[in-house]
Student: 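The structure follows.
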2 protein chains.
Amino acid sequence: MDAVTEQPGLRERKKRRTHAAISEAAIALFLERGFDQVSVAQVAEAAEVSKRTLFAYFPAKEDLVVHRFADHETESARVVRARPERMTPLAALREHFLDGLRRRDPFSGLNDRPDIRALFRMILETPALIVRLERFRSTGERTLAEALRETADTPDLTARLAAAQIVAVHWTLALDNATRLASGETADERYAGAVDDAEHAFALLENGLRRLPRHGS
Amino acid sequence: MDAVTEQPGLRERKKRRTHAAISEAAIALFLERGFDQVSVAQVAEAAEVSKRTLFAYFPAKEDLVVHRFADHETESARVVRARPERMTPLAALREHFLDGLRRRDPFSGLNDRPDIRALFRMILETPALIVRLERFRSTGERTLAEALRETADTPDLTARLAAAQIVAVHWTLALDNATRLASGETADERYAGAVDDAEHAFALLENGLRRLPRHGS
DNA sequence: GTCGATTTCTACACCTGGTATACATTTACA
DNA sequence: TGTAAATGTATACCAGGTGTAGAAATCGAC
């Protein structure tokens, strides 16, 4: 029915162009004046589209910005499923994250291309956008739990707990990197520290919090 | 200035009554017809208060429901700070959670009083309310990280990572219990399983995910 | 090409959550 | 009892989001 790989057809191509045009117009305006200072009506006008049409392409204002992250939702689950034999899920995820740092994947929070840096900064200072990203996090967690359950022969609760911990750590690392870059650090400056932190974090996941000290210094 | 412990004063008392009255009217309506099917105007009318006044007491519609959970935001942090000497933070939190199960604290998701069960059910099926609860989770995570950093002599990143993991696990457990009760199970039926699950979860936190299997069964 | 069916876009009106303003009422306290 | 400060109210307004009905474009078949 929906041949995406084939000739997409004029209709499909036009749809994608409109989609991209609206999103680009929106992000340009948001970066210029701030997310909350631009109304969807103004975005629609700038994109030369009616408000109704805008909402046909994007279910909510926030999606004008965060739709780019939708692909990454299921990334962890895919990594776990595609891992080589005899590799533990955690090892696969650590490899993948370290690779993301190396490749400066926005997923890892370590991309400082000016446009991406500006985008991150805007997201970080706009609560509504953070909330929307948290939703991606939830579904990422759910799909990861499923992947763990199915490929690691793990009881349901264990899979859900492990997924929750992994995603929480992942999110903490990425947010930390993004925050540092947003406030001026370059990706190259941050890289070594980011690697250290990631390794520390995955070690903590692997070995547990057993070593958290008792009271006192 | 603000003597809460003393005679509260007429103004203060009246304010609290109004606060409670609005919230009760709101929850009654929401339980009857569903959160999204009731407008704030209707709540205001039912509480015999103007819409403007309602928003003076509750910053957003969702807060009419979730303000009851606000106290628990910093609970984990308090538990960690108040733990006895020579007790690890994790042990204190485990004790506290198990105690919450015993006491059927709504915090643990294991309270089946009809009104609370109905409330939980409504929250679980209303995305906007879950989102609002997630915000509490975030600030709970931040305050817990601070408590760990200050009382366990832990580097900042470690504290944040540990807090993220702990809160994620806590949330998973509580949500699991609440979901089961919402779909009919009684608290007494669930209790033993809830304890087992909690102990398993805290053991996982303590010992790490090292034992997550490689591929295959 | 051209015709009809289907999809997509648009204009417009409407609902709801939330806020600003300006005025009335109540409380606290001398 | 009178007055300043705090609270409550009416009204109008803004922005996000949806329903509806019709106009326009696209597609496939001939």
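In what follows, every chain begins at residue 1, and chains take the letters A, B, ... in the order their sequences are listed. Model, not experiment: these values are computed from the prediction.
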Student: Kindly point out which of C:dT10, C:dG18, C:dT19 is positioned nearest to the side chain of B:R52?
Tutor: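 Minimum distance to the B:R52 side chain belongs to C:dT19.
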
Student: If you find the nucleotide of DNA chain D closest to A:S39 and the one closest to B:Y57, which residue's nucleotide is nearer the 5' end?
Tutor: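 By nearest-heavy-atom nucleotide position, the 5'-most residue is B:Y57.
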
Student: Looking at every non-hydrogen atom in both residues, tell me the closest pair between B:D36 and B:K61 and how far apart they are.
Tutor: CA-NZ, 4.2 Å

Student: Once you round it to whole Å, what is the distance between P of C:dT26 and CZ of B:R17?
Tutor: 14 Å

Student: Round to the nearest Å and state the distance from B:E48 atom CD to D:dA10 atom C1'.
Tutor: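 Atom-to-atom, B:E48 to D:dA10, this comes out as 17 Å.
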
Student: Given atom CG of A:L64 and atom P of D:dA15, what is their separation to the nearest angstrom?
Tutor: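 These atoms are roughly 16 Å apart.
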
Student: Using heavy atoms to find the nearest nucleotide of DNA chain D for A:K51 and B:V49 separately, return the residue whose nucleotide is more 5′.
Tutor: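 Going by which nucleotide is closer to the 5' end, it is B:V49.
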
Student: Is it the case that more than 12 heavy atoms not belonging to A:R135 sit under 6.0 Å from its CZ atom?
Tutor: no

Student: Check this one for me: any side-chain N or O of B:K14 less than 4.0 Å away from OP1 or OP2 of D:dT7?
Tutor: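 It does not, given that no N or O in the side chain of B:K14 lies less than 4.0 Å from OP1 or OP2 of D:dT7.
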
Student: Which part of the nucleic acid, if any, lies within reach of A:V38 when heavy atoms closer than 4.0 Å are counted: base, sugar-phosphate only, or nothing?
Tutor: sugar-phosphate

Student: Can you tell me which nucleotide in D:dT9, C:dT19, C:dC9 comes closest to the side chain of B:F55?
Tutor: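 Nearest nucleotide to the side chain: C:dT19.
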
Student: May I have the distance from A:F35 (atom CZ) to D:dG16 (atom P), rounded to whole angstrom?
Tutor: 8 Å

Student: Test the A:R137-A:F69 pair against the cation-pi criterion, namely NZ or CZ under 6.0 angstrom from the six-membered ring centroid and within 45° of the ring axis.
Tutor: no

Student: In whole Å, what is the span from the NZ atom of A:K61 to the P atom of C:dT16?
Tutor: 21 Å

Student: For B:L54 and D:dT7, what is the distance between atoms CG and P respectively, to the nearest whole Å?
Tutor: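 These atoms are roughly 16 Å apart.
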
Student: Taking the basic N atoms (NZ, or NE/NH1/NH2) and the acidic carboxylate oxygens, is any pair closer than 4.0 Å for A:E95 and A:R83?
Tutor: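 A:R83 and A:E95: not salt-bridged.
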
Student: B:E62 has an atom CD; how far is it from atom C1' of C:dG17, in whole Å?
Tutor: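 Spelled out: CD on B:E62 to C1' on C:dG17 is 9 Å.
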
Student: Between C1' on C:dT8 and CD1 on A:I22, what's the gap in Å once rounded to a whole number?
Tutor: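 It is 12 Å, rounded to the nearest whole Å.
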
Student: Does A:S50 make a side-chain N or O approach to OP1 or OP2 of C:dC9 shorter than 4.0 Å?
Tutor: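 So the side chain of A:S50 is outside the cut-off, no N or O lying under 4.0 Å from OP1 or OP2 of C:dC9.
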
Student: For the side chain of A:N177 and the backbone of A:S108, is there at least one donor-acceptor N/O pair under 3.5 Å apart?
Tutor: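 Flag set: sc A:N177 to bb A:S108 pair under 3.5 Å.
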
Student: OP1 or OP2 of D:dT7 less than 4.0 angstrom from a side-chain nitrogen or oxygen of B:K15, does that happen here?
Tutor: yes

Student: Under 4.0 angstrom, heavy atoms only, what part of the nucleic acid is B:A60 near: base, sugar-phosphate, or nothing?
Tutor: sugar-phosphate

